[in-house]
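Notes to accompany the following structure.
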Amino acid sequence: MDRQRRAVVKGLAATSFTALTACGGSSSSSSPSAGESDSGVVNGDSVRVPAVAFNHGVASGDPLPDRVILWTRVTPTDALARDVENVPVRVTVARDRDMREPVGQINTSTGPDRDFCVKVDVTGLRPDTWYYYQFTVGNAKSGVGRTRTFPNTTMPAERARFAVVSCSNYAYGLFSVYKAVSEQADLDFILHLGDYIYEYGPGEYGDFPGRDPLPAYEIIELSDYRQRHAQYKTDANLQAVHQQFPMICIWDDHESANDSYRDGAENHDEATEGGWSERRAAAVQAYFEWLPIREIGTERGRVWRKFQFGKLIDLFMLDTRLEGRDMQVSSPADPGRFDDQRRIMSEEQMSWLTRGLSDSSATWRMIGQQVMFAELNIVRTLDAARTLGMEDTSAFNGQLLSLNMDQWDGYVADRENILQTLAGERIGNTVIFTGDIHTSWANEVYADSGNLLENSLTAPLAAEFVTPSVTSPGFPEQIAGIAEAAVQLANPHMKYVELKSPGFILVDVTMERTQAEFLYVQSISSADNLGMINPDMTKVVGVDSGNSRIYEDRPRSEPRAVRTALFHPPVRQVVS
């Protein structure tokens with residue numbers, strides 16, 4: 001090791017570490033020390049260390065300039081879980097993937113009250129820095145994970161690169177998309193926009209062989225949600241994504257129940273499934289136990305929060321699902337959707353968002369949220385479908401109606417509030433990322449999307465990119481093609497629409513432009529094609545700085561093969 005590198009490592013090793021155990025337990029920081037002894041004790045402590053396995057991988061999330069959440073789950077193997085009260089865990093953070101250059105260690109613990117999940121908020125880190133981490137219980141070691149901190153707000157941060165995913169239904173197919181994402185070696189983070197799990201029982205929404213959901217019924221209670229999260233986390237391709245990159249996530253409806261809102265859900269019957277508040281509380285608790293998400297002060301269950309990637313990006317993550325949403329209206333003809341008291345989020349969250357957009361001095365203002373923001377005119381779309389030769393529009397109409405009133409189209413006043421903020425304060429460079437609907441869209445957002453003539457003469461206020469699903473199904477094959485054409489014919493602000501293929505968005509951000517590259521996998525049913533991208537389907541769209549009109553079909557962005565993949569290489573995945 002040369003003198004300069006020794007000096008860097010020495011400086012890093014002096015970094016001060018503290019940790020908050022978001023899943024409970026105690027924690028402390030310590031300097032690196034020798035490995036655990038065979039006696040079943042830690043550092044002379046008489047507390048017995050149970051034998052465990054790390055069956056659910058490792059994960060990191062919510063990166064800030066000086067901290068990041070690290071996560072794992074330990075599974076007791078020499079005793080029944082109910083007989084294990086406490087498991088002492090050590091977390092080691094290093095600068096290299098072989099863990100030979102440790103910069104700090106943290107002692108914490110876990111137990112059955114948090115489903116043996118381990119979650120620590122590691123602070124005292126350097127900004128814009130890659131780290132590696134590993135969990136240890138006795139002699140058992142987890143796989144090594146890779147994570148990073150964000151540049152601080154005084155840094156120019158010339159470029160960011162991330163993937164956007166949503167809607168990963170275990171029972172509907174293989175997580176080929178997750179494998180493809182994990183093999184993008186140079187991403188800064190993953191943006192997961194919800195439907196990380198699905199609540200249904202076997203055969204209710206997907207019946208892919210060998211992937212029946214557990215438990216074998218619709219999940220309602222805390223133990224059910226925990227078991228479902230645990231099953232998803234056994235998938236090697238999902239583990240690979242978490243192992244390679246930090247994730248910033250929000251929930252959508254299926255983490256609790258389909259088409260959920262503040263006081264209930266379409267897929268919840270209080271007469272047979274108990275009180276909604278209890279089910280919702282169980283879903284929220286399991287989510288915070290099993291995902292690498294930071295709890296905000298004493299606000300249990302809050303997922304709306306802000307991230308800053310240097311001076312380049314201010315990222316606002318929303319909760320348009322559980323935090324303040326009123327019940328969905330039944331149809332676009334319902335005048336209630338125009339009620340100015342109707343909410344998709346609380347007034348507190350709305351004020352936080354609009355104030356944050358107004359105050360932002362970043363090059364780009366980005367919003368990560370659940371449901372489509374841009375207006376979709378159903379009546380015009382159905383007319384266009386008939387014009388294009390769709391004889392029976394009933395199936396198409398059913399697809400549109402099932403999603404449309406759950407979107408911002410059903411909450412017009414709240415959307416108008418945001419549009420007025422963007423227009424009134426001349427806030428530019430706003431990009432919205434959306435999940436939920438298992439399909440791909442690139443939309444220009446106007447103050448009035450229905451005014452076709454005016455919109456041809458004015459500039460859009462923002463752009464919206466809707467990510468395809470990991471596995472959940474889009475439109476039926478037999479109507480997808482005509483449906484895509486009908487949507488764009490009737491809604492000219494929707495510049496790109498693809499309604500049937502699973503995939504993800506690779507986003508490349510510079511000072512000059514934000515580019516969204518829609519990448520689709522060849523198959524979610526063939527194990528031989530796992531992670532393989534179909535290059536013929538790739539679609540490039542984006543917006544230039546100072547102009548929210550969407551461009552199409554420019555060259556794909558170049559990966560950062562040296563800066564990230566070479567100097568901060570991906571971790572070696574554990575082969576089970």
Side-chain angles (χ1 to χ4, degrees), residues 22-24 56 73 81 112-117 119 166-172 192-206 212-233 249-291 293 295-296 298-304 318-330 343-346 349 369-371 402-403 405-406 410-411 435-436 472:
C23 287
H56 302 94
R73 199 260 187 173
D113 59 329
R114 47 204 174 272
D115 203 21
F116 296 98
C117 292
K119 197 161 77 170
S166 74
C167 305
S168 45
N169 186 350
Y170 187 90
Y172 223 93
H192 200 299
L193 299 180
D195 292 345
Y196 185 97
I197 65 168
Y198 280 71
E199 81 274 21
Y200 299 108
E204 294 178 2
Y205 193 42
D212 282 349
L214 296 174
Y217 48 81
E218 183 178 322
I219 53 177
I220 297 173
E221 299 180 351
L222 176 59
S223 60
D224 303 336
Y225 283 100
R226 284 171 164 176
Q227 188 176 0
R228 189 64 57 85
H229 275 284
Q231 180 186 33
Y232 275 61
K233 281 288 205 313
C249 59
I250 47 177
W251 55 50
D252 194 14
D253 50 344
H254 292 290
E255 287 89 347
S256 52
N258 182 57
D259 283 358
S260 52
Y261 52 97
R262 182 184 60 239
D263 299 321
E266 178 277 332
N267 189 30
H268 182 76
D269 182 356
E270 295 211 346
T272 60
E273 296 176 323
W276 170 249
S277 60
E278 289 80 11
R279 182 176 185 178
R280 169 179 162 163
V284 168
Q285 179 175 337
Y287 187 88
F288 273 86
E289 288 173 344
W290 280 87
L291 271 293
I293 181 173
E295 293 189 20
I296 301 177
T298 60
E299 296 187 57
R300 185 169 181 80
R302 173 175 162 175
V303 298
W304 48 284
L318 306 186
D319 183 355
T320 65
R321 181 57 64 185
L322 294 179
E323 182 261 356
R325 175 194 278 256
D326 293 322
M327 184 178 180
Q328 297 87 342
V329 297
S330 58
R343 296 288 172 261
I344 198 170
M345 65 177 70
S346 70
Q349 185 182 171
Q369 53 100 49
Q370 292 82 357
V371 292
S402 68
L403 61 87
M405 291 301 95
D406 189 51
Y411 301 84
D436 183 61
S472 300

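Source: prediction; values computed, not measured.
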Derivation and outcome, side-chain hydrogen bond (donor to acceptor under 3.5 Å, both in side chains), residues D319 and Q349: CA-CA 8 Å; D319 183 355; Q349 185 182 171; 5.6 Å; no

One should read off an interatomic distance between I220 CD1 and S256 OG, to the nearest 0.5 angstrom, of 12.5 Å

#### Entry: Q328 and D259 side chains, donor-acceptor separation under 3.5 Å
no

Do R226 and E289 sit within salt-bridge range, that is, some charged N less than 4.0 Å from a carboxylate O? yes

Separation between OH (Y198) and CG (D253), nearest 0.5 Å, reads 7.5 Å

* Got a donor-acceptor contact below 3.5 angstrom from the E323 side chain to the W304 backbone? -> no

Hey, are R321 and D252 close enough for a salt bridge, meaning a charged N less than 4.0 Å from a carboxylate O?
yes

(request) Could you label the plane-to-plane angle of the H229 and W290 rings as parallel, tilted or perpendicular, counting under 30° as parallel and over 60° as perpendicular? (result) parallel

**Q.** Side-chain donor or acceptor of S168 paired with backbone N/O of Y196 under 3.5 Å
**A.** yes

task = Say whether, by atom type as modelled, one donor and one acceptor occur between the side chain of D115 and the main chain of C117 under 3.5 angstrom.
result = no

key: Q370 (side chain) donor-acceptor with L318 (main chain) under 3.5 angstrom   = yes

Worksheet item: Do R280 and S260 have side-chain heavy atoms sitting under 4.5 Å apart?
Response: no

> Do the side chains of Q231 and P213 get nearer than 4.5 Å, heavy atoms only?
Replying inline: yes

Has D436 got a side-chain atom pairing as donor or acceptor with V371's backbone, closer than 3.5 angstrom? no

Distance col, row E221:CD vs E273:CD, nearest 0.5 angstrom, shows 11.0 Å

Do the non-hydrogen side-chain atoms of Q369 and L193 ever get within less than 4.5 Å of each other? no

On a heavy-atom basis, the closest approach of R302 and I296 is NE-CD1, 3.6 Å

Test: E218 and R279 ion pair at under 4.0 Å:
yes

**Any side-chain heavy-atom pair of T320 and R325 under 4.5 Å** = yes

Taken to the nearest 0.5 Å, the spacing of H56 NE2 from K233 NZ works out to 9.0 Å

_Heavy-atom side-chain contact between D224 and Y217 under 4.5 Å_ = yes

Yes or no on side chain to side chain contact (heavy atoms under 4.5 Å, CB included) for L322 and V284, after CA distance, side-chain angles and deciding distance? CA-CA 10 Å; L322 294 179; V284 168; 4.3 Å; yes

Given the options Y225, Y287, Y232, Y200, H254 meets ring pair (Phe, Tyr, Trp, His ring centres under 6.0 Å) only with Y200

For this session: Apply the test side chain to side chain contact (heavy atoms under 4.5 Å, CB included) to residues D263 and M327: give CA-CA distance (whole Å), side-chain angles for both, the deciding distance (0.1 Å), then the verdict.
Result: CA-CA 8 Å; D263 299 321; M327 184 178 180; over 6 Å; no

(request) Would you check if W251 and F288 make a side-chain contact, meaning some heavy-atom pair closer than 4.5 Å? (result) yes

Residues N258 and E266: closest non-hydrogen pair is ND2-OE1, 2.7 Å

If you measure from the Lys or Arg side-chain nitrogens to the Asp or Glu carboxylate oxygens, is any gap between R262 and D326 under 4.0 Å?
yes

Is the backbone N or O of L291 less than 3.5 Å from a side-chain atom of K119, with the two atoms forming a donor-acceptor pair by type? yes

Close side-chain approach of D195 and S166, heavy atoms under 4.5 Å
no

- How far apart are the C-alpha atoms of Q285 and R300, what are their side-chain angles, what is the distance that settles it, and do they pass the side chain to side chain contact (heavy atoms under 4.5 Å, CB included) test? CA-CA 9 Å; Q285 179 175 337; R300 185 169 181 80; 3.3 Å; yes

